[in-house]
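Shown next, in structure tokens, is the structure this report addresses.
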Protein chains: 2
Amino acid sequence: MSTPLVPAAELPRPEGAASFSPLYRQIKSLLIARLQAGEWKAGEAIPSELELAARFGVSQGTVRKAIDEMAAENLLVRRQGKGTFVATHAEEKIQYRFLRLVPDEGSEALGRQLLDCRRQRAPAWIAKALQMRAGDAMVEVRRLLHSKGVPVVLDDIWLPGQLFKGLTAERLAQHRGPFYGLFEAEFGVHMIRAEEKIRAVAADADSAALLQVPVGTPLLSVERLSFTYGDRPVELRRGLYNTSTHFYRNELN
Amino acid sequence: MSTPLVPAAELPRPEGAASFSPLYRQIKSLLIARLQAGEWKAGEAIPSELELAARFGVSQGTVRKAIDEMAAENLLVRRQGKGTFVATHAEEKIQYRFLRLVPDEGSEALGRQLLDCRRQRAPAWIAKALQMRAGDAMVEVRRLLHSKGVPVVLDDIWLPGQLFKGLTAERLAQHRGPFYGLFEAEFGVHMIRAEEKIRAVAADADSAALLQVPVGTPLLSVERLSFTYGDRPVELRRGLYNTSTHFYRNELN
DNA sequence: AAGTGGTCTAGACCACTCT
DNA sequence: GAGTGGTCTAGACCACTTG
């Protein structure tokens with residue numbers, strides 16, 4: 001181990017320096033680094049608390065606290081009696097973890113229709129959001145989500161070409177379940193957090209046609225930037241939601 | 001104490017009954033009940049962990065875990081060296097805790113303009129949301145929020161008349177800071193959680209005039225139901241946001 | 001210096017899952 | 001029964017705030 005673990009109390013504290021991390025946070029960082037390195041894949045179990053405690057030379061309680069935080073951040077999932085597992089978007093049976101769209105009535109699953117998938121050069125504004133250089137390779141995906149046959153969401157998705165090398169329309173079309181499950185399994189990219197900017201906009205000719213609404217219809221514009229470990233942005237997405245039969249649900253705390 | 005605390009292990013477990021709470025959750029419930037009873041007011045300190053532990057006859061660690069959860073839910077705020085305090089909307093200097101509206105540029109404070117405040121009888125749909133009976137007393141408030149002199153948000157707010165007895169236009173107009181601060185201080189009503197339903201809608205004549213936009217302009221409709229302790233709904237609010245210079249920011253985890 | 005929350009330990013025992 | 005996470009305890013010491 002290149003960076004030996006030390007209790008916060010024994011850490012050097014230069015005058016005016018930023019405060020140092022307690023032990024459990026150091027362990028959390030080590031665990032995140034291992035997740036990032038792909039040591040354990042999505043859905044797999046990580047070692048038990050006792051084993052990790054022994055490995056790191058700390059008490060079980062300290063490991064517990066590290067894992068507690070990671071579970072609270074949805075990086076890990078604890079299952080009593082079974083173990084602790086790497087969180088995944090693939091098995092969320094209820095719904096897509098990041099999709100806040102709810103039907104006014106009922107709860108039917110959404111149908112998907114892939115419209116387009118091609119590799120492009122990133123324009124400046126996308127490159128900036130994804131922390132790439134303008135002109136870098138980028139994958140662009142366009143798709144529709146249907147509810148009872150009626151189009152409800154038009155998504156444009158932009159991904160760094162670098163990370164998603166073998167991504168093709170066929171691959172996307174074959175796949176069942178959320179894209180994020182595919183991204184984890186095929187490309188080792190875990191979406192762990194996202195920021196959304198939401199606005200009301202008027203449907204333009206293009207989106208109106210695809211969503212089968214009159215031009216000018218108010219639509220919810222949801223611009224999502226998704227992050228993987230280490231706060232690295234790895235997906236930009238703009239969804240246009242027809243909110244005549246669905247709404248965006250949010251919880252405030 | 002009418003309900004003696006017992007470790008989960010010693011609790012009776014009738015066949016097929018719901019699982020019982022661990023000790024720290026029982027303590028959490030007791031603390032919430034005391035908050036609800038107004039034993040400590042918003043912004044005040046609650047007793048120290050050691051004192052609570054002694055009072056409840058448990059270890060400090062158990063009290064800590066109860067408080068940890070409550071802090072995570074924004075019911076309490078811990079301050080090292082000082083104590084643990086009842087969370088409040090009054091002193092949030094940065095911004096209104098439940099308002100997710102962010103300007104595209106800059107970060108100016110929002111100006112407020114009270115349009116109306118009157119007591120009414122609750123129509124059925126509001127009564128239902130607030131778990132009252134149709135026709136029960138209700139306070140209706142209408143106001144605008146401005147950014148740099150331009151109206152950005154039109155809010156309609158409905159409150160149970162029962163809980164907000166002395167609420168008048170004058171009282172609201174005098175008050176500085178978020179309404180929720182006033183509600184805490186004057187009426188002992190703490191908003192601790194809220195659910196929002198968000199849609200894109202077209203401005204009607206009324207709202208278009210007040211927001212100074214053309215009729216038909218896409219607006220963000222934000223319907224918020226706020227809850228106090230014990231998941232009791234105590235406020236319904238519908239905001240219409242002009243998102244031409246601002247957006248609704250959300251974080252997904 | 002005293003009092004508060006924050007970290008860390010060690011150990012006991014419980015609840016759940018799988019074999 | 002063995003192994004996992006979950007609860008609870010008791011005690012030591014640290015970090016921060018206030019008098």
Side-chain angles (χ1 to χ4, degrees), chain A residues 4-29 31 40 44-72 75-87, chain B residues 4-29 31 40 44-72 75-87:
Chain A
L5 292 174
V6 282
E10 299 172 16
L11 285 168
R13 295 291 284 269
E15 292 293 329
S19 62
F20 283 69
S21 297
L23 244 187
Y24 75 87
R25 273 194 201 282
Q26 297 176 50
I27 285 162
K28 183 181 168 187
S29 294
L31 289 174
W40 310 294
E44 283 183 9
I46 69 171
S48 74
E49 293 177 353
L50 277 173
E51 189 176 333
L52 288 171
R55 197 182 291 183
F56 291 135
V58 301
S59 78
Q60 185 187 2
T62 300
V63 170
R64 259 191 95 65
K65 189 147 187 185
I67 292 178
D68 277 345
E69 284 203 356
M70 295 173 72
L75 300 183
L76 298 174
V77 176
R78 320 187 83 136
R79 283 186 210 132
Q80 183 173 122
K82 300 180 75 172
T84 302
F85 300 80
V86 180
Chain B
L5 292 175
V6 281
E10 298 172 16
L11 286 168
R13 297 288 286 267
E15 293 291 329
S19 61
F20 282 68
S21 297
L23 244 188
Y24 73 88
R25 274 195 200 283
Q26 299 177 48
I27 286 163
K28 182 181 167 187
S29 295
L31 289 174
W40 311 293
E44 283 183 9
I46 69 169
S48 74
E49 294 177 353
L50 277 173
E51 189 175 333
L52 288 171
R55 198 180 292 183
F56 291 134
V58 302
S59 77
Q60 185 187 2
T62 300
V63 171
R64 258 190 96 63
K65 190 148 186 183
I67 293 179
D68 277 346
E69 284 201 357
M70 295 173 72
L75 300 183
L76 298 175
V77 177
R78 320 187 83 136
R79 284 187 207 129
Q80 184 173 128
K82 302 181 71 172
T84 302
F85 300 80
V86 181

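First the proteins, then the strands, lettered A, B, ... as listed; each starts at 1. What's counted below: heavy atoms across the whole structure, side chains too, no hydrogens, waters or symmetry copies. It should be emphasised that the depicted structure is a prediction, and the values quoted were computed from it without experimental measurement.
Spacing between atom CZ of R64(A) and atom P of dG6(C) amounts to 19 Å, rounded to whole angstrom units. Rounded to whole Å, atom C1' of dT7(C) lies 15 Å from atom NZ of K28(A). Nucleotide dT7(D) holds its P atom 15 Å from the NZ atom of K65(A), rounded to whole Å. Going from atom CZ of R25(A) over to atom P of dC14(D) covers 20 Å, rounded to whole Å. Across the protein-nucleic acid pair, I27(A) atom CD1 and dC8(C) atom P stand 8 Å apart, rounded to whole Å. R78(B) places its CZ atom 15 Å from the P atom of dT17(D), with the value rounded to the nearest Å.
When all heavy atoms of E44(A) and W40(A) are compared, the pair lying nearest together is OE1-CA, 3.7 Å. Between P47(A) and R55(A) the shortest heavy-atom distance is CG-NH2, 3.8 Å. Scanning both residues, V86(B) and L76(B), for their nearest heavy atoms gives CA-CD2, 4.0 Å.
Looking at Q26(A), its side chain does come within 3.5 Å of a backbone N or O of S21(A) through a donor-acceptor pair. Checked by atom type and distance alone, the side chain of S29(A) pairs as donor or acceptor with a backbone atom of R25(A) at under 3.5 Å.
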Quick test: give all pairs of protein nitrogen or oxygen and nucleotides 9-11 of chain C nitrogen or oxygen below 3.5 Å, distance rounded to 0.1 Å.
residue	atom	partner	partner atom	Å
dT9(C)	OP2	S59(A)	N	3.0
dT9(C)	OP2	S59(A)	OG	2.9
dT9(C)	OP2	T62(A)	OG1	2.2

Between protein and nucleotides 2-4 of chain C, what N or O pairs are separated by less than 3.5 Å?
residue	atom	partner	partner atom	Å
dG3(C)	N2	G81(B)	O	3.0
dT4(C)	O2	G81(B)	N	3.4

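We find that K65(A) and E69(A) are not joined by a salt bridge, their nearest charged nitrogen and carboxylate oxygen being 4.0 Å or further apart.
Figure legend: cation-pi geometry between R78(A) and F85(A) absent, as NZ or CZ is not positioned both under 6.0 Å from the six-membered ring centre and within 45° of its axis.
Applying the side-chain contact (heavy atoms from CB on, under 4.5 Å) criterion to Q60(B), with sequence neighbours excluded, gives E49(B), L50(B).
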